[in-house]
Every structure is written in C-alpha cells, then in structure tokens.
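Worksheet: the structure to be examined is printed underneath.
The sequence lines fix the lettering, A, B, ..., with proteins before strands; numbering per chain opens at 1. Just so we're clear, the structure is a prediction, and the values are computed from it rather than from any experiment.
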Amino acid sequence: MAAEARGIQRWSGWLFVSPWLLGLALLFVYPFVASLIWSFSEYDLLTSPRYIGTDHYERIASEIVQGKGFGKALWNTFYYAAVSIPLSTIMAICLAVMLNWQVRGQAIFRTLFYLPSMVPMVATSILWLWLLDPRDGMVNGLLSFFYEAPPLWFQGIQEGVSTSSPFQFGSKDGLTLMSLWGVGNFMLIYLAALGDIDGSLYQAAELDGAGSFQKFRHITLPMLSPIIFFNLILGIIQSVQAFTQVYLVSEGTGQPAESSLLISLQLFLAAFRDLEMGYASAIAWVLFVFLALMTWGLFRSSRNWVHYRGVRI
Amino acid sequence: MARPLPIVILLLLAGIVAVWGATISLTNETPLDREEVVFWHFWSGSDGEVVNDVVRRFNASQSDYYVRAVSMPGNNFDMKLFLSITGGDPPDLINQDDPIVGDWAFRGAIYSMEEIASVEEVENMKDWLLPSARSLGEYDGRLYAVCNGLDIRALYFNRELVEEALGRSVPDELESIEQLDMIAELCTQYTDGELTQIGYLPDPRRLWAWGPVFGGDFYDEQNGQVTASDEAIISALQWMQGYRQRLGANAVATYRQNDQSLPNKMFPLLANRYAVILDGQWRVRDIEAAQKVSRTRGEPVTRYGVWPLPAESRQGKTGWVNGNVFLVPRHANNAQGAWEFIKFWTGLEGHEKDAAETCVAGGWIPVSKHVAESLEFQTYLSEHPLFARFVDFAATEQVPTPLVPGASRYYREVNNLVQRVMYDDEVVDLTAELNMLEQTMQKHIDRIRSHPSFAEEQADE
Amino acid sequence: MNNVAGKWKWMALLCVSGMFLLPLLLMLLASVKPAEQLTGDPYSLLPDRVLFQNYRDALESIPYVKYLANSIVLCVGSVAGTLISCSLVAYGFSRLKWRGRNLMFAIMIGTMLLPWHVTMIPRFVLFSELGLYNHLAAIILPTFLGDAFYIFLLRQFFLSIPEEISEAARLDGLSELGIYWRIILPLSKPALITVAMFQFVASWNDFSGPLLYLSDHEKFPLAYGLEQFVSSYADQTHLLMAASVMFTLPMIILFVVAQKSFTRGITMTGSK
C-alpha cells in the first residue's frame, strides 16, 4: 500500500510542479540561453541577430575602466546599495525594537509605521519628487535653517554620503530617502523575530547585571543575525533591480548627468532606446555573474556571524 | 484571520467597477465604409484640441479614410512606438520629435515615403518643405519623415531689464557672442550675496544649438565621421563652461532645476528669474498671455523681444532645428491613408488654407513657405510680431541633430557630458572628453553600420 | 520610574509615527489646496480653502474608472493565477516525495536570485511572437506558471501540516488532487490569503509590465496611467496629488481591512 502510494507520488510530484516546470523552461531557461547568445551578437529586435564576438563585453570592460555608461551605472548602484542597505537595516531594527515596547496603543503604532510601505511606488515617487523639490519642496523648507545652499536632491549630481560633498545631497540620496520611508516590510520581519526571542535569555542576562545596551548587543543582535543576513541579500537584489522609482524621478533618463542612472535603467535605455539588445543582454549577464558571486560570498562569510538556533534555512 | 464581510464587500465593489470600466470605450467609432488610420501623437491639453480639430477637418474632407487620433502623453514615447513595431501591433501613423529618424530608417522600423507614395508625389513634398523641415526627414537620399511643425530656438529677452542694464535701446540683433556675454553679465543680480536674477545661462541640452552657431558640425555626412571634437564645438562648450565657472555649479543647477523648455513648466523669463533665455516659438503664447493679464489688471506691461542666435564666425549656422515629424511604422495596416493625412496636414495639394488654420490654432511654424505666405497666415503674423520673427528664422540655415544610426545614444552622451560640465565644479578637460566621446561614438556608429541596413537586405532578396 | 520610561517611549513612538505619516498627510493636504497656493506659498501647511474640485479635475483628466477597471482585471487575474499555480507546485514540493524533488527545489530557489533584466528582453520577444503584445494576458499569464517566492512561502506552510492527515486520506482512497483540494487548501487559508494579498499589491503597483507590454489606452492599469498623467501635468501639483491619493487609497483600505493576515504573512516570510 505504502509502496503503491510512493509510486503514485513519484509521477504525481512532477505533475504537480509542472506549471512551474513550464515556467522554468519558458521564462527562465529559454531567456537565459537566448540572452547569452544575444550578448555575443548585434541584435535590434527588427533584424535577425548576427554574431559579433565579444564586442559588447569589451565595451562593458572599457566603460568600467572609464567610469562611463555601465561603469557609471555600476558606481551609482554601488553607492545607492552601500548607503541605503545599512541605513535601512539599522532603521528597520530600531523601529522594530521600538514597536516591541509594551506601551499603550502598540497595535496602532505598528499600523502607522507600516502605512508608508503600502503606498505604491508610482505615488511614492510623485510625492517625493514634490517634497524634495530644491526650491519649493517642504524638506528644503526645513533644511534652509541648516544650510546656506540647501541640497538639490533629484536635480543634483552630488553624493551626500561622501567626503567630496558631505551633506550635499543629490539624486541618489533622494532615492535612499525614499527607500527608508518604505522600510516597513523589513521592520515587520524583524518585529516577528524579536517576538521569537526567548524571554529567559534576557532574564538571565539581567541577573548577570547586564544593561539595556549590553542585552541588545549580546542577545538581540545575535538572535536577529539570520534576518539581517536575509535582509542584506534581499537588499542587494532590490538595489540592483530598482527601476520604477529611478525611472520616474529622472524622467526615464538617469539625469542629471547620469547621476541617478542605476544599472537597471542603463540596461533598459540600452535595450529600448538605443536598440542595443546585444549589449543589454551582456549587461544582464555581467550583472547575473556579479550577483551570484556576491551572494556566494555572503553565504560564505555568514558562517562567521550568523547564529542559527541549531536550525538551517 | 481576516474578517470575511469587508472582503466580500470589497470584492463586490471591485466587480462592479470592473464591469462598469469594461463598458467605457475610450476610442470613437470609425464609420464602417472607411478605412481606419490609427494615429499616435503626444499632444494633450489645448494642443490636443488643435490636433483633434485637424483630424475632424480631415475626416470631413474624406470619404476613403478615417483618422483615429490617440493621444499618448508620456516621456519615452519613441520607445513605446518601437515596442509596438516589434510587438507586431503598430499604429498607421505616428508623430514624434526625438532624433531617431536615421536610426529607425537604417533598421527598417519605418517606411520611406518613396515606399508608400509615387515618386512624383514625394518630389512634390520635398519641394514643398522648407530646407530646414526637409533636413529633419531625409536619410540616405530618401524621405523617411515628414516634418509638420518646426521647433526653432532663439533668445528671448526681457526688454525692460536689458534696456535698463544697457542704458540704451536694445539692438534688434546681437552682433556677437561677446555682446550676449556682456548683457548677461550686466543683468545678473545678487541680493545680499544671493543670486536673484540671471542674465543668461546656457541650457546643458543646447550644445546642439551652440555648436553649429560657433561654426561646428557634430557629424560629417560626406565621410561618415563623428566630429564632436571639432574646434568650434570645443570652444562652444568652453564658452558654456565659462558661465558655470562664473555662477558656480550650485547656482546653475538650482536655476536649471525645472526643465526650462518643458511646455508645462512656467516660463522662467516671466518670473524675472532670467533676463535672456534660449527657448522655442511656443513661448510666444506664454508671453502674450502674461502681457494680457497685466493689461487687464492695469499693471505696467513688460515688453519682451527675441534675437536670433549670434553666429560666431562666418561659417556659423543660425541655429539648431528640430520639430515634429510624421513617421509611418513598417507593417502599418494603412500606409496610404497615413500619407493622405500627412499631405493634408502639411498643406500639399491645395490644402494650404487648412494648414495655415492649423498653424494659427496651434501657434506652430509652417513647414512650407507656401503656407507661411498664405493670406490667413500673414494676417496672423501681422498681429503677432514676436512669432513672425521665428517664422523668419525658420527659413534661415538651421541644422538638425545628425540623422545617423546610433544618433539617440550620440544625443544622450553629448547631453550627459555637458550636464557634467555645467553641474559639477570639478574642472573637466573638454578637449580630452570630447575626443573620447568622438572615438566612442565613431566606434558605436561604425559597428551598427558594419551590418547591412534593412534597405540593403531588402535589395538582396 | 517605570511609568516615566513608559512615557518617554510613548513620546518617541509618537514622534517617529509623525515622521512617517507627515509625507502622507502633506500629500492629502496638497490634494485639496488651490493651485495658486502651492506655487505662491509652497511651505504653508493648511489649505487656504478646501478644494474637492481638484479630485473632479483629476478624474476628468484621466479615465480613472477605465484604468481602475483594468487594474482590477490585472490584479484579480494575477491573484487567481498565482493561487492556482503556486499552491499546486508547493503541494508537489512539500506533500509528495519524488526523485529529483530536492534538486528542483534548489533550482527554484536559485531563480529567485536572478535579476529580471536577464530574462526581460527574451521574454518580450517570446510574448510578442505568441501574439500577446498589447494584451493584459502578457502580464497575467506568467502568474499561472508559478512564482518561486510564493511557492517557497506556501511550501513552508504546507510542511507544517501533519503528514498523518494525508496518510489517512489516502487510506480512504482520496487521490492526491483530492487531498490537495479538500484537505490541504482548506487548512491553509491564512497562507493563501497572504499570498493573494502580496500578489494583489504587486499587480496593483506593477509599472514595468505595462510599460513594456501595453500600448493601448484602453488597457492601461492605474499604475501606468498615473505615470502618463504625470508627464502631461508635471506642473499641476494639486492634480498630481489628488490622483496619487486616489491611486493609494485602495491600498490603504485593503491594508486596514486585512491588516492581520497581512502582517502575519510578512512575518511568516521572515521567521522561517
């Protein structure tokens, strides 16, 4: 009987996952192979692709060296990720800790903190374009108390988190601010993880005379580390894929002076504006390899700092 | 667990809206006995009304074709069109203003007019168009796009401010770039050390205009060479950089923040933020509207004027032209109907009066001198002297962005470089940068051209 | 002592909520301000006069109901596709044992790391050739082929259902499809609702799909229609804000109505 059931399971398993298998073939395997072939071809969608060798990869290499085009987009994406991921991680943890306080109206606060994350990206972009207007925006209205020349946000090429123009915030910093406002999803995940921490750990620490900070440092953080790890990986993927907001705040051009040109937009422009499908495919592949290496590296390093409670994902 | 009742109500509501929405049709009905011509454009608001009126007049004059106009507002309009062509569902006719004609012609995304009309008709059309209008559509000896409205840029100035600064009456034309610089300098004002008014500030996107005015060419048609590092273009960029150095990148970016030339943005000249500004003929209406407001309020009426760009050297061209062009996507269902509509709009074959009416309604510059010379249009011009100057400029030597495959990237890369020069205080080695850009673009364009074009491929078969 | 600390905490929470809500509040206020006030006195908080006219003007400038209907079709279609395909696949990955299952599962997790750009262009070409260009189906159909993230989520949930229940059902002669439909699905309502809502929000917000695949006004959903609106009315902040509020409101309502399962769903993704 059991053996028969297993026999049925053997083929019915494949049957059950067949929608995904079809999806894998159509939406992943075919595009994967096609884009790999096109990355070595001249292809404009209208005429058939022609093999041209490694031209596109050479262009990518030279653009990285010169810091233009893809090189510029790579730097922008790196800057955006390097600033927004740590900030959003810290912020999400802090907010989660705050929401974990046992105070009156806790449920309401949870709702309020999360609400901005429900605002669709298109509306978020419109809203922040207006709030961060250099001349008429509310944010600069406030900042004018601290600045002689308030930041230019989406109209500026400055990088506010750098030594060359500290606190002179430009287009990428505006994007970062937008991402911080919508940090709610991660916040909730941290909140759940906080709820899972065994209260007796804190009691034991208190008996040892640990203060709030020490408890946070030695119990909360290590217990959250698997989530932080998850957050990092997802954050990297999200930065690389960020498209809607970048497209909207720069009118689809990455302006000014390519300062908000993130990789996804560069790829999009190359493909559908310059009609360089081959080059765009090459970018996609470089990106894929790059992401794979990055994820692999993170997984390797995670052994040293991520504490699983005897469980592995 | 979610409460079921609100969800049920929501679903019901959603269902009602979905059914309601399905019954709404945004497109109007095409008569059964006519062939439909689907026409995409990006005009909306009052311009959209003008377009609808042209379409209505055309449809009334016709018994074979029926144009259905679809307004597709949005940036990246050209991309959308390209996707529809590759997606296999293109409209029959489109109107747009990006420098993609050469690129799309080379790749076979659009028909040349020779493919859809008789040789004679195309020759008539070529003769009909002003040289500047023709230059926007000719590629490889064929007419791929028909211009229906020229965009001419010139220097608008606030007569009161300039007169006051000069201490004498304002000249009709500028003698030289130096004179423009001098006026710009005089009209730039600081209050408490803060910049409050700018005399003149070159727009980063307009190296395309200033390059030719300084006597340079971006592209050598004869030899197929990119010539971005032309001496004259370097000096034009140097000249633009001079403004950034004097005003500081921050001021430039703050003043430039809202795209000056987007039709929707308020014209900064009217806010007294500038004394002189480079912009297109559509601003005449903004100026006239503002003057009318002052007049009805009994306030003093600010006078404005316009100068052509001051050609720097003898070889200098008078300016940079772009404009709206009609394109017929390849595999359009009804290319013939599209061609009829193009002729109607541009005034060919006895439609001068209609064309003049269109131009008057939209404040557009006619693409043919026959239309410009028509009585209706001349009457209009006599009432709008500022606009009349633009019509004159349109007949002078105005150069377009080069029509060459890969032009969209060329256009973008140049603008990116100029933005870098204008928005960043760092000193850029202009010659080196332009040289590098030239090499990169040459390689880019050569690579595209190293494959047979669509037309050549067709000829082989 | 404790009480004082509690008050401080409360104050801190209040301040932070204020910071989060302020932009939304400003959007709401701007949506009823007269246009002159927004350009003339950009830093003022309260509207000089409350103008609901802005909403009417915005509604007249875009075919809101048409776009809304398209959004709903898109959302409902995608949610249906996701629920059907993902639950089936998740069942296969959790409740059945078959050779190659672990390998397939690993591959599926791997596809989650793939940036959408890699597949964007070939997918566009493929869909155009299938004649799906300019059809809502181009956006809805892929959801019937499963999504790694949701499959993962549902699988985790299905795994928590005791195996004995299935064994008993098998002894009763129920087929695998019967077990899936009559036993597992009813037990997994919370997880299914979560996935449904995730997909609903994702479809509601989807911008790049319509950007690539739709060219006909008749078919635009709100997310894309709004962008079109932006490019035509860039200077009309009051109308933009009114349109944005109308675009956001359904999401907020959805969130308030289904808040519990929503937060629960998000936390489920994290803690496992």
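For the pair Phe255(C)/Ser117(A), no side-chain contact is recorded, criterion being any heavy-atom separation below 4.5 Å from C-beta on. The side-chain heavy atoms of Gln106(A) and Leu13(C), taken from C-beta on, include no pair separated by under 4.5 Å. At least one side-chain heavy atom of Val125(C) sits less than 4.5 Å from a side-chain heavy atom of Tyr43(A). Using a 4.5 Å heavy-atom threshold, the side chains of Phe243(A) and Leu211(C) count as touching. Side-chain contact between Phe207(C) and Tyr247(A) is present, with heavy atoms from C-beta onward closer than 4.5 Å.
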When the side chains of residues 27-35 of chain A are checked against the rest of the protein, which donor-acceptor pairs come out under 3.5 Å, sequence neighbours left out?
residue  : atom : partner   : partner atom : Å
Ser35(A) : OG   : Pro31(A)  : O            : 3.1
Ser35(A) : OG   : Phe32(A)  : O            : 3.3
Ser35(A) : OG   : Trp285(A) : NE1          : 2.8

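Among Thr244(A), Leu291(A), Val103(A), Leu22(A), the residue with the largest count of heavy-atom pairs under 4.5 Å with chain C is Thr244(A). Taking chain C as the reference chain and counting heavy-atom pairs below 4.5 Å, the highest number among Ile126(A), Ile237(A), Ile263(A) is found for Ile126(A). Contacts with chain A were tallied for Arg123(C), Met27(C), Lys9(C); Lys9(C) has the most, counting heavy-atom pairs under 4.5 Å. No other option in Ala284(A), Gly105(A), Ala271(A), Ala292(A) has as many heavy-atom pairs under 4.5 Å with chain C as Ala284(A). Interface summary for chain A: among Ser17(C), Gly92(C), Ser85(C), Ser244(C), the most heavy-atom pairs under 4.5 angstrom belong to Ser17(C).
Listed here is the closest heavy atom pair of Phe272(A) and Met120(C): CE1-CE, 3.8 Å. Between Pro120(A) and Asn205(C), the shortest heavy-atom distance links the atoms CB-OD1, 3.0 Å. Looking at every heavy atom in both residues, Pro23(C) comes nearest to Trp128(A) through CG-CZ2, 3.9 Å. When all heavy atoms of Ile121(C) and Ser281(A) are compared, the closest pair comes out as CD1-OG, 4.3 Å.
From Leu145(C), atom CG reaches atom CG of Leu24(A) across 10.5 Å, with rounding to the nearest 0.5 Å. Of the inter-residue distances, the one linking Leu115(A) atom CG with Leu24(C) atom CG reads 6.0 Å to the nearest 0.5 angstrom. With rounding to the nearest 0.5 Å, the separation of OG in Ser12(A) from CG in Leu177(C) is 9.5 Å. To the nearest 0.5 Å, atoms OG1 (Thr248(C)) and CE (Met118(A)) are separated by 10.0 Å. Rounding to the nearest 0.5 Å gives a distance of 11.0 Å between CG of Leu15(A) and CD of Glu176(C).
For Phe144(C), the part sitting under 4.5 Å from any heavy atom of chain A is the backbone (N, CA, C, O) and nothing else. When heavy atoms are compared at a cutoff of 4.5 Å, Ile233(A) approaches chain C solely by way of its side chain, counted from C-beta outward. In this structure, no portion of Ile108(A) lies under 4.5 Å from any heavy atom of chain C. Residue Met251(C) touches chain A through both its backbone and its side chain, counting heavy-atom pairs closer than 4.5 Å. Within the 4.5 angstrom heavy-atom criterion, only backbone atoms of Arg99(C) (N, CA, C, O) approach chain A. For Trp10(C), the parts lying near chain A are the backbone and the side chain together; criterion is any non-hydrogen pair under 4.5 Å. The contact between Leu95(A) and chain C is made entirely by side chain atoms (from C-beta outward), counting heavy-atom distances below 4.5 Å. Residue Leu14(C) touches chain A through both its backbone and its side chain, counting heavy-atom pairs closer than 4.5 Å. Both the backbone and the side chain of Val16(C) come within contact range of chain A, each with at least one heavy atom under 4.5 Å from a heavy atom of that chain.
Around CH2 of Trp101(A), the count of heavy atoms belonging to other residues, nucleotides or ligands within 6.0 Å exceeds 12. Surrounding CE of Met91(A) are more than 12 heavy atoms belonging to other residues, nucleotides or ligands, all under 6.0 Å away.
Partners of Leu26(C) under the side-chain contact (heavy atoms from CB on, under 4.5 Å) rule, at least two apart in sequence or in another chain, are Trp130(A), Leu131(A), Met138(A), Leu22(C), Leu45(C).
Between Phe20(C) and Tyr114(A), the ring centre distance reaches or exceeds 6.0 Å. Aromatic ring centres of Trp98(C) and Trp14(A) lie closer together than 6.0 Å.
Classified by interplanar angle (parallel below 30°, tilted 30° to 60°, perpendicular above 60°), the ring pair Phe16(A)/Tyr91(C) is tilted.
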